[in-house]
Amino acid sequence: MKTTKPAAVRFPRIYQAFGSVQEIADTINRSPSYVKKALKEGFTEREKTMLAQAKNRTDLFEERIA
């Protein structure tokens, strides 16, 4: 998945690991609009676990250091 503002994203590794917002939405069983909001505000712990298990990675939620 690509972002138009790479410096503004909260979780840059999510953008690298997943192909689209729809893929994230399908993984956590939520709507694409919810995912877009969560990419800015944050995911729940359960959602983070589901996403990490789906891609077999533990570093997806390291936030960008400003």
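The two atoms that bring Leu51 and Ile24 nearest to each other are CD2-CG2, 3.8 Å, heavy atoms only. Smallest separation of non-hydrogen atoms from Phe11 and Leu39: CD1-O, 4.0 Å. Scanning both residues, Leu60 and Ala17, for their nearest heavy atoms gives CD2-CB, 3.5 Å. Here the shortest heavy-atom pairing between Gln22 and Pro32 reads OE1-CG, 3.2 Å.
For the pair Arg57 and Arg13, the minimum side-chain heavy-atom distance is below 4.5 Å.
With respect to Glu41 and Lys36, no salt bridge is recorded, no charged nitrogen being found less than 4.0 Å from a carboxylate O.
Arg30 meets the side-chain contact (heavy atoms from CB on, under 4.5 Å) test with Ile28, Tyr34, Glu47; sequence neighbours excluded.
Both tests do not hold together for Lys48 against Phe43: distance to the six-membered ring centre under 6.0 Å, angle to the ring axis within 45°.
For CG of Asn56, the number of neighbouring non-hydrogen atoms (other residues, nucleotides, ligands) closer than 6.0 Å is 12 at most.
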